[in-house]
Amino acid sequence: MMDATKIEALFTRESGDYVFARWGRPIAPVVFGVSDETLAVIKGALEAVMTLSGHQMAETDPELGSNLMVFFFQDWDELPEVPGLDRLILELRPLVEKLKAAEANQYRVFHFDPEGAIKACFVFLRMDKALSDVPAQTLALSQIVQSVLLWSDAAFRQQSPLAVAGDRTILRPEISALIRAAYDPVMPPAAQDSSHALRLAARIGQVQ
């Protein structure tokens with residue numbers, strides 16, 4: 001079982017701030033740049049995580065149409081060419097230059113509602129050799145897990161949220177339990193006080 005100290009670390013940013021958020025509305029996904037086969041894998045991963053969390057999916061979001069957008073592409077320079085993306089991602093071109101300079105292969109942008117809950121997430125995946133070598137199921141599950149909560153920017157640098165069980169890639173049990181606890185209706189959709197980690201630890205013991 002994951003204790004409060006470990007939970008707190010997963011939501012404490014490098015700045016030292018504790019910042020937690022979960023989705024506050026049903027997730028309406030759309031995926032760009034993949035085959036129908038890969039799309040089915042991503043949809044399966046999303047449905048599995050939604051079943052785990054108890055959160056809902058929707059065909060459309062009344063405000064944005066789609067509120068979880070996943071982009072697969074070969075070069076960061078493709079992003080500024082996507083129609084309307086610069087209206088959703090402020091300062092898109094400077095962001096692209098920063099990601100190119102860092103030779104990044106993935107990035108996520110979150111938008112929040114007035115209560116601090118997640119209302120949109122944009123996932124960008126530059127399919128370099130490293131990402132292309134990752135099995136589709138593993139890549140899909142990893143990205144969905146990292147999009148379902150606002151984790152710390154350092155949360156999974158030392159250890160992946162996934163594990164291998166036989167020939168299958170699964171969520172680590174403690175991460176599964178944490179996601180379930182985070183989406184418990186009694187828990188707040190957003191928090192900036194580390195005492196929230198204590199409440200999550202208590203919920204994990206009750207919902208397992």
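- Aromatic rings of Phe71 and Phe32 (six-membered ring for Trp) have centroids within the 6.0 Å cut-off, being under it.
- Atom CD1 in Ile179 sits 5.5 Å away from atom CG in Leu52 (nearest 0.5 Å).
- Between Arg199 and Met187 the shortest heavy-atom distance is CB-CE, 3.7 Å.
- For the residue pair Gln74 / Arg126, no side-chain donor-acceptor distance below 3.5 Å is found, with atom types taken as modelled.
- In terms of modelled atom types and a separation under 3.5 Å, the side chain of Asn67 and the main chain of Ala28 share a donor-acceptor contact.
- With Thr138 contributing its side chain and Val134 its backbone, the two residues share no donor-acceptor pair below 3.5 Å.
- Judged by distance alone, with hydrogens and angles left aside, the side-chain atoms of Ser66 form no donor-acceptor pair with the main-chain N or O of Met69 at under 3.5 Å.
- Across Leu149 and Arg22, no two heavy atoms sit closer than the pair CD2-CB, 3.6 Å.
- His196 is linked by a ring-ring contact (aromatic ring centres under 6.0 Å, His included) to Tyr18, Phe20, counting only residues two or more places apart in sequence or in another chain.
- Between the CD1 atom in Ile42 and the CD atom in Glu37 there is a gap of 11.0 Å [rounded to 0.5 Å].
- For the pair Leu171 and Ser176, the tightest heavy-atom approach, listed with the atom from each and the gap, is CB-OG, 3.3 Å.
- At distances below 3.5 Å, not a single donor-acceptor pair connects side-chain atoms of Trp23 with backbone N or O atoms of Tyr183.
- Using modelled atom types, no side-chain atom of Asp113 and backbone atom of Ile118 make a donor-acceptor pair closer than 3.5 Å.
- A single hydrophobic cluster is seen to contain both Leu178 and Val186, as judged by linkage of ILVMFWY side chains at heavy-atom distances under 4.5 Å, directly or through other members.
- Residues Phe156 and Val70 fall within the same hydrophobic cluster, defined by Ile, Leu, Val, Met, Phe, Trp and Tyr side chains chained together at heavy-atom separations under 4.5 Å.
- The line from CG of Leu95 to OH of Tyr107 is 5.0 Å long, rounded to the nearest 0.5 Å.
- Between Pro26 and Met57, every side-chain heavy-atom pair lies at or beyond the 4.5 Å cut-off.
- A distance of 8.5 Å separates OG1 of Thr12 from CG of Asp17, quoted to the nearest 0.5 Å.
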*May I have the step-by-step check of side-chain contact (heavy atoms from CB on, under 4.5 Å) for Leu10 and Met2, ending in yes or no?*
CA-CA 11 Å; Leu10 289 172; Met2 187 174 289; 3.7 Å; yes
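- One distance of note links CG of Leu46 with NE2 of His55; it measures 9.5 Å at 0.5 Å rounding.
- Here Asp61 pairs with Arg25 in a salt bridge; the nearest charged N to carboxylate O distance falls below 4.0 Å.
- No donor-acceptor pair under 3.5 Å is formed between the side chain of Asp36 and the backbone N or O of Leu39.
- Under the 3.5 Å distance criterion, with hydrogens and angles disregarded, a donor-acceptor pair is assigned to the side chains of Gln143 and Arg108.
- Across every non-hydrogen atom of Ala21 and Gly116, the tightest pair is CB-O, 3.4 Å.
- Other residues, nucleotides and ligands place more than 12 heavy atoms under 6.0 Å from the CD atom of Glu81.
- A salt bridge links Lys129 to Asp133: one of the charged nitrogens lies within less than 4.0 Å of a carboxylate oxygen.
- Taking hydrophobic clusters as Ile, Leu, Val, Met, Phe, Trp and Tyr residues chained together by side-chain heavy-atom distances below 4.5 Å, Ile144 shares a cluster with Leu131.
- Taken together through direct or relayed side-chain contacts under 4.5 Å among Ile, Leu, Val, Met, Phe, Trp and Tyr, Leu125 and Leu79 form parts of separate hydrophobic clusters.
- Nearest heavy atoms, Lys119 versus Leu64: O-CD1, 4.1 Å.
- Here the straight-line distance linking atom CZ of Phe110 with atom CZ of Phe122 works out to 11.0 Å at 0.5 Å rounding.
- Using a 4.5 Å heavy-atom cutoff, the side chains of Val123 and Leu68 are in contact.
- Annotation for Glu78: atom CD counts as buried by contact number, over 12 foreign heavy atoms lying within 6.0 Å.
- The nearest pair of heavy atoms linking Ala117 to Pro189 is CB-CB, 3.8 Å.
- The closest side-chain heavy-atom distance from Pro80 to Val96 is below 4.5 Å.
- The main-chain N or O of Val145 is found under 3.5 Å from a side-chain atom of Trp151 such that the two form a donor-acceptor pair.
- Under the salt bridge (Lys or Arg N to Asp or Glu O under 4.0 Å) criterion, no residue pair touches residues 134-146, with sequence neighbours excluded.
- Gln146 and Ser142 share a side-chain donor-acceptor pair at under 3.5 Å.
- Transitive grouping of hydrophobic side chains (ILVMFWY, heavy atoms separated by less than 4.5 Å) brings Leu99 and Phe124 into a common cluster.
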_What verdict does the side-chain contact (heavy atoms from CB on, under 4.5 Å) test give for Leu162 and Ile170, after you've listed the backbone C-alpha separation in whole Å, the side-chain angles of each residue and the deciding distance to 0.1 Å?_
CA-CA 6 Å; Leu162 309 184; Ile170 63 170; over 6 Å; no
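- Panel note: side chain Ser152, backbone Phe11; no donor-acceptor pair is recorded below 3.5 Å.
- Atom CD of Glu47 is surrounded by more than 12 heavy atoms from other residues, nucleotides or ligands within 6.0 Å.
- Just one of Leu139, Asn105, Val34, Asp75 meets the side chain to side chain contact (heavy atoms under 4.5 Å, CB included) condition when paired with Met127; it is Leu139.
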*Carefully, step by step, assess Lys98 and Glu91 under the rule salt bridge (charged side-chain N to carboxylate O under 4.0 Å, His left out).*
CA-CA 11 Å; Lys98 177 182 175 181; Glu91 299 184 352; over 6 Å; no
